[in-house]
Amino acid sequence: MASRAGPRASGTDGSDYQHRERVAGHYQMSVSLKSEIKKLIYAHLLIWMLIAAQITVAHLKLVPHDLVAMPYQWEYPYLLSLAPSLFGLFSFPRNNISYLVISMISTGLFSIAPLIYGSMEMFPMAQQLYRHGKAYRFIFGFSAVSVLYLVMVVAVQVHAWQIYYSKKLLDSWFTSTQEKKKK
């Protein structure tokens, strides 16, 4: 019997740990991937709140028009990108594969697709800013195109990592269900 402060049990040198039970690798991976995906979902929530705040402030005219520009068209469908993150969170407690798959597919539709459309929508304004140094929309004194492209770069990375980790988590869950079926 081992104790914290007392001597080691007689008859052992401490190398008898190999017979003890350990947590299976796919369970360890599942816990770590869930943690990473939750961090990415919280980062996505922060980006979503910034976009929602800009839309709200612009439409309610809480500040002058020259301080916060009217939103671009891609920002409205991007607001739907909160739903995939919620499906991802709902899939975690019971390892619900269906919710995770819905989350992955809808992340592509409601998160990545509006960002791609937005990059194409804002490209002429970015080109004009680069060539002529003229910007017509501003967010707190900065060119709206520059600010939103920066937000888009971060958002694409967050969503891409979220899909990647979700796929790895899905594979981990499939491994655990396949092992249960074999028994």
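Source: prediction; values computed, not measured. Below, all heavy atoms of this structure are taken into account, side chains as well, without hydrogens, waters or symmetry copies.
- Clustering of Ile, Leu, Val, Met, Phe, Trp and Tyr by side-chain heavy atoms under 4.5 Å joins Ile112 with Ile116, Met120, Ile163.
- Transitive grouping of hydrophobic side chains (ILVMFWY, heavy atoms separated by less than 4.5 Å) keeps Tyr27 and Val31 in distinct clusters.
- A 4.5 Å side-chain heavy-atom check between Tyr136 and Met125 finds every atom pair outside the cut-off.
- Shown here is Tyr164, whose OH atom has no more than 12 heavy atoms of other residues, nucleotides or ligands within 6.0 Å.
- Summarising the geometry of Trp173 relative to Lys34, their closest heavy-atom pair is CZ2-CE, 3.7 Å, with the distance given to 0.1 Å.
- The number of heavy-atom neighbours closer than 6.0 Å to OH of Tyr76, taken from other residues, nucleotides and ligands shown, is above 12.
- In this structure, Arg94 fails the cation-pi test against Tyr99, since its NZ or CZ atom is not both closer than 6.0 Å to the six-membered ring centre and inside 45 degrees of the ring normal.
- Leu129 is listed as a side-chain neighbour of Ser146, based on a closest heavy-atom distance under 4.5 Å.
- The backbone N or O of Ile41 sits nowhere less than 3.5 Å from a side-chain atom of Gln162 that would complete a donor-acceptor pair.
- The aromatic ring centres of Phe110 and His159 sit 6.0 Å or more apart.
- Nearest heavy atoms, Met70 versus Arg137: O-NH1, 3.2 Å.
- The aromatic rings of His44 and Tyr78 lie perpendicular to each other, with more than 60° between the two planes, well past the 30° mark.
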Determine, step by step, whether Met104 and Phe87 satisfy the side-chain contact (heavy atoms from CB on, under 4.5 Å) criterion, reporting the C-alpha distance in whole Å, the side-chain angles of both residues, the deciding distance to 0.1 Å, and the verdict.
CA-CA 9 Å; Met104 291 171 60; Phe87 274 109; over 6 Å; no
